[in-house]
Amino acid sequence: VESKMSQQVELNALNLQQLEMLKNQLDQETEMFSVSLQSLKAAQQKFVESQQNLETLTPSNEGKEILVPLTSSMYVPGHLSDVKGVMVDIGTGYYVEKSTEEAKVYFKRKIDFCTQQMEKVQPLLQDRASKKQAVLDVMRDKVIQMQMMQMQAGQPSRA
């Protein structure tokens, strides 16, 4: 197993306590990468939905009645007055006015960015999971070896 400083660690050379610590570290890293992957997927889905909703902004829909969300569960009626421009949430409470075409390009760029980040995180997650499995295998082998030694120590030797 490699540590953060890219140094090889021979698992068989570690005792059970050290293996447990390594397993805990790998658990934490696995959890962190899993949470990152879930966050990226959620963000990507939000951008995909936004991009898809832009498709409804057509000249034929201009003036139509819509429901405008005030909260996630409360809406007020409204009319679609402009199908050529939108306000895009670019994060931390900032909004930018964009044409629908500019917004489509923006959301595509954000979707692509999330995809690239997920492609970077996924192998890291798989790597930590396989390293954790290797540690668990060595731990199991060491426990079996200790049990065998205890059993042998408890039996009288034959001369």
With a 4.5 Å limit on heavy-atom distance, are the side chains of Val121 and Leu40 in contact?
yes

Is the shortest heavy-atom distance from the side chain of Asn12 to the side chain of Asp141 under 4.5 Å?
no

Is atom CE of Met148 surrounded by more than 12 heavy atoms (other residues, nucleotides or ligands) closer than 6.0 Å?
no

Met146, Leu14: one ILVMFWY side-chain cluster at the under-4.5 Å cut-off?
yes

Closest approach of [X] to [Y] (non-hydrogen atoms, all atoms of both residues):
X: Leu26; Y: Val135; result: CD1-CG2, 3.9 Å
X: Ala103; Y: Val86; result: CB-CG2, 3.7 Å
X: Lys98; Y: Glu102; result: CA-OE1, 3.5 Å
X: Asn61; Y: Thr56; result: ND2-O, 2.5 Å

I need the full list of side chain to side chain donor-acceptor pair (under 3.5 Å) pairs touching [range], with sequence neighbours left out, sorted by first then second residue.
range: residues 67-90; value: none
range: residues 31-46; value: Gln44-Thr115, Gln45-Glu49
range: residues 103-112; value: Glu101-Lys104, Lys108-Asp112

So, taking the atom named [atom1] in [X] and the one named [atom2] in [Y], what distance separates them when rounded to the nearest 0.5 Å?
X: Thr100; Y: Gln51; atom1: OG1; atom2: CD; result: 12.0 Å
X: Glu97; Y: Met87; atom1: CD; atom2: CE; result: 5.5 Å
X: Gln25; Y: Lys131; atom1: CD; atom2: NZ; result: 9.5 Å
X: Leu37; Y: Lys120; atom1: CG; atom2: NZ; result: 14.0 Å
X: Gln145; Y: Leu16; atom1: CD; atom2: CG; result: 9.5 Å

Hey, which of Asp27, Asn24, Thr30 is the one that makes side-chain hydrogen bond (donor to acceptor under 3.5 Å, both in side chains) with Lys132?
Asp27

Asp137 and Gln133 side chains, donor-acceptor separation under 3.5 Å:
yes

